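This report concerns only the one structure given below.
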Amino acid sequence: MINSPNLQSSTTHLKRMGEVSLWNLFSGYILVGLFGFGGISASMYYIAVDKRAWITPEEYTAALSLGQVLPGPGLMNTCIIVADKFHGLKGVFLALMGLLLCPILILLALVTVYDHYSQLPEVQHATYAAAAASVGLIFGMGLKLARAIIKSKTAFFFMASAFIAIGIFKWPLFETILALAALSIAVGYLERE
Amino acid sequence: MMDLDLLLSLAHNFAKVSLVSVGGISVMIPEVHRQVVEMNNWISNDQFASAFALSQVAPGPNILLMTLVGWRVAGWAGMLVATAATILPTTVLSVMANRLESQLIHARWYWVTRKSLPPLIVGLIFSSGIVTAKATGLDALGLLIVACVAAHFYLYKSNPLISIMVSIVVGVIAGWLGFL
């Protein structure tokens, strides 16, 4: 290798610089936010790959898996990673603004209307049903992921431990997950040996 | 005058939650509920449940739940602090990870970590289901909606918003008929 690793790492993220204009990026992220009902995973794919063709499906998958392995909101991470590839920190800032501004304004409008009419039985029943449906979506997503991921006794053990510790016993997330993750990674190393 | 201690506490709690929540917002819900409802009594269970429902109905990233909780706790300042605290630490990590990716993919710990964390995430997602179900205070009809939506989402590739909209219609009609 000719380049030192450090030099390489500081330039690769900008290798696509300029291929997508700042306005294209910003307006695209506005649409990702506005079309993102129930989370932005579908709308991000639609805009970044299908509609605007910023990146290929393979690049999207790579950015997605990198975003998911990082802490925090996984799809936001993916959006940030994609923006960084084209315009560095400027792109990241515009991506965050584009993703959040319109949805926050819509949400606040929704909350204001909700607070005004929250005494109406119809509004209460609608909110209750929406919350129940969202709970159902969480369980459905959990089941889908479990089907794909939980394929060994070890995996089941860690899933069950996390569920019992956080969902049932309500232990503090920070300490519990650090401990469980360390244990899980240690077991991962041992199983590979 | 804003309560600075409250905002700092909000920032500290949400940043900490965000930094260990591999798997996204659905993983954060139990801890956010524990912090803002159970430990600090910043908002009520009902407010949390309605914030959860509203953030699901509005478009945009799921992180809007944190935005809305911040808004309920401390208005505009709380909203900004909650959103920034959730996003900024992980933004820095994402940018760093993107720039170091060419090195990461050769590191063994990176692959071991990628293989080891998903089972924990699944456990945390089920935890979120339990915590939000309890916060919402589900009765028989609510549990029926949960079961139907979960089964439908599990079995078919469908747009989540359609499930939510159908459920809302069912809920309003059930209310008129006196089932709720």
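Every heavy atom of this structure was used, including side-chain atoms; hydrogens, water molecules and symmetry mates were not. Throughout, protein chains are lettered first and strands after them, A, B, ... in sequence-line order, and every chain is numbered starting at 1. Because the structure is predicted, anything quoted here is derived from the model rather than measured.
- In this structure, the portions of Met141(A) lying under 4.5 Å from any heavy atom of chain B include both its backbone and its side chain.
- A cation-pi arrangement is found for Lys16(B) relative to Phe174(A), the charged atom lying closer than 6.0 Å to the ring centre and inside a 45° cone about the ring normal.
- Heavy atoms of Leu145(A) lying under 4.5 Å from chain B belong to its backbone as well as its side chain.
- The cluster map of Ile, Leu, Val, Met, Phe, Trp and Tyr, joined by side-chain heavy atoms under 4.5 Å apart, puts Leu31(A) and Leu105(A) in different clusters.
- Of the two parts of Leu155(B), neither the backbone nor the side chain holds a non-hydrogen atom closer than 4.5 Å to a non-hydrogen atom of chain A.
- Residue Tyr46(A) places its OH atom among 12 or fewer non-hydrogen atoms of other residues, nucleotides or ligands, all under 6.0 Å distant.
- The minimum heavy-atom distance between Ser116(B) and Gly188(A), with the atom names listed, is OG-CA, 4.0 Å.
- With respect to chain A, the highest number of heavy-atom pairs below 4.5 Å among Ala53(B), Ser94(B), Ser50(B), Pro89(B) belongs to Ser94(B).
- Only the side chain of Leu108(A) comes within contact range of chain B, with heavy atoms under 4.5 Å apart.
- Of the two parts of Ala160(A), neither the backbone nor the side chain holds a non-hydrogen atom closer than 4.5 Å to a non-hydrogen atom of chain B.
- Both the backbone and the side chain of Ile185(A) come within less than 4.5 Å of a heavy atom of chain B.
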### Message
I'd like to know whether Glu31(B) forms a salt bridge (Lys or Arg N to Asp or Glu O under 4.0 Å) with Lys170(A), so could you lay out the CA-CA distance, the side-chain angles of the two residues, the decisive distance to 0.1 Å, and finally the verdict.
### Response
CA-CA 8 Å; Glu31(B) 178 70 5; Lys170(A) 303 211 155 191; over 6 Å; no
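- For the atom pair CG of Leu110(A) and CG of Leu54(B), the computed distance is 5.0 Å after rounding to the nearest 0.5 Å.
- Annotation: the span from Ser184(A) atom OG to Lys115(B) atom NZ amounts to 12.0 Å, rounded to 0.5 Å.
- The line from CZ of Phe153(B) to CD1 of Ile138(A) is 10.5 Å long, rounded to the nearest 0.5 Å.
- The two residues Val20(B) and Pro71(A) come nearest to each other via the heavy atoms N-CB, 4.2 Å.
- Met165(B) does not touch chain A: none of its heavy atoms, backbone or side chain, sits under 4.5 Å away.
- A 4.5 Å side-chain heavy-atom check between Ser134(A) and Ile164(B) finds at least one atom pair inside the cut-off.
- Using a 4.5 Å cut-off between heavy atoms, Ile168(A) does not touch chain B at all.
- In terms of heavy-atom proximity, Ser127(B) sits nearest to Ile166(A) at OG-CB, 3.8 Å.
- Pairing each heavy atom of Gly136(A) with each of Val149(B), the nearest pair is C-CG1, 3.9 Å.
- Taking CE of Met96(B) as the start and CG of Asp84(A) as the end, the distance is 12.0 Å to the nearest 0.5 Å.
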#### Entry: Lys85(A) vs Glu101(B), side chain to side chain contact (heavy atoms under 4.5 Å, CB included): CA-CA, chis, key distance, verdict
CA-CA 11 Å; Lys85(A) 286 186 197 302; Glu101(B) 200 198 0; 4.2 Å; yes
### Task
Using the side chain to side chain contact (heavy atoms under 4.5 Å, CB included) rule, take Val22(B) and Leu70(A) through it: C-alpha gap first, then chi angles, then the decisive distance, then the call.
CA-CA 6 Å; Val22(B) 180; Leu70(A) 294 165; over 6 Å; no
### Audit row: Tyr128(A), Ile168(B), side chain to side chain contact (heavy atoms under 4.5 Å, CB included) steps and yes/no
CA-CA 8 Å; Tyr128(A) 173 83; Ile168(B) 287 177; over 6 Å; no
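- When each of Val17(B), Leu141(B), Asp139(B), Ile121(B) is scored by its heavy-atom pairs under 4.5 Å with chain A, the top score falls to Asp139(B).
- Proximity to chain B involves both the backbone and the side chain of Leu66(A), based on heavy atoms less than 4.5 angstrom apart.
- Among the candidates Ile63(B), Leu138(B), Leu144(B), the residue making the largest number of heavy-atom pairs closer than 4.5 Å to chain A is Leu138(B).
- Of the two parts of Phe179(B), neither the backbone nor the side chain holds a non-hydrogen atom closer than 4.5 Å to a non-hydrogen atom of chain A.
- Summarising the geometry, atom CD1 belonging to Ile173(B) is positioned 13.0 Å from atom NE2 belonging to His125(A); distances are rounded to the nearest 0.5 Å.
- Within the 4.5 angstrom heavy-atom criterion, only side-chain atoms of His33(B), from C-beta onward, approach chain A.
- Both the backbone and the side chain of Val69(A) come within contact range of chain B, with heavy atoms under 4.5 Å apart.
- Taking CH2 from Trp71(B) and CG from Leu107(A), the interatomic distance works out to 9.5 Å, rounded to the nearest 0.5 Å.
- Heavy atoms of Val131(B) lying under 4.5 Å from chain A belong exclusively to its side chain.
- Proximity to chain A (any heavy atom under 4.5 Å) is shown, for Gln35(B), by neither the backbone nor the side chain.
- Considering all non-hydrogen atoms of both residues, Trp171(A) and Arg34(B) come closest at O-NE, 4.2 Å.
- With a 4.5 angstrom heavy-atom cutoff, Leu178(A) touches chain B only via side-chain atoms.
- Between chain A and the residues Val27(B), Val166(B), Leu68(B), Thr67(B), the most heavy-atom pairs under 4.5 angstrom are made by Leu68(B).
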### Task
Carefully, step by step, assess Met159(A) and Leu120(B) under the rule side chain to side chain contact (heavy atoms under 4.5 Å, CB included).
CA-CA 5 Å; Met159(A) 177 188 76; Leu120(B) 293 179; over 6 Å; no
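- For Asp46(B), no part sits under 4.5 Å from any heavy atom of chain A, backbone or side chain.
- The greatest number of non-hydrogen atom pairs below 4.5 Å with chain A, out of Gly129(B), Pro59(B), Ser21(B), Gly171(B), is found for Pro59(B).
- At most 12 non-hydrogen atoms from other residues, nucleotides or ligands lie less than 6.0 angstrom from CZ of Phe93(A).
- Annotation: maximal heavy-atom pairing with chain A below 4.5 Å, among Ile29(B), Ile87(B), Thr83(B), occurs at Ile87(B).
- For Ala181(A), the parts lying under 4.5 angstrom from a heavy atom of chain B are both the backbone and the side chain.
- For Thr91(B), the parts lying near chain A are the backbone and the side chain together; criterion is any non-hydrogen pair under 4.5 Å.
- Within 6.0 Å of OH on Tyr60(A) lie more than 12 heavy atoms contributed by other residues, nucleotides or ligands.
- Annotation for Phe139(A) and Ala150(B): closest pair CB-CB, 4.0 Å, computed over non-hydrogen atoms.
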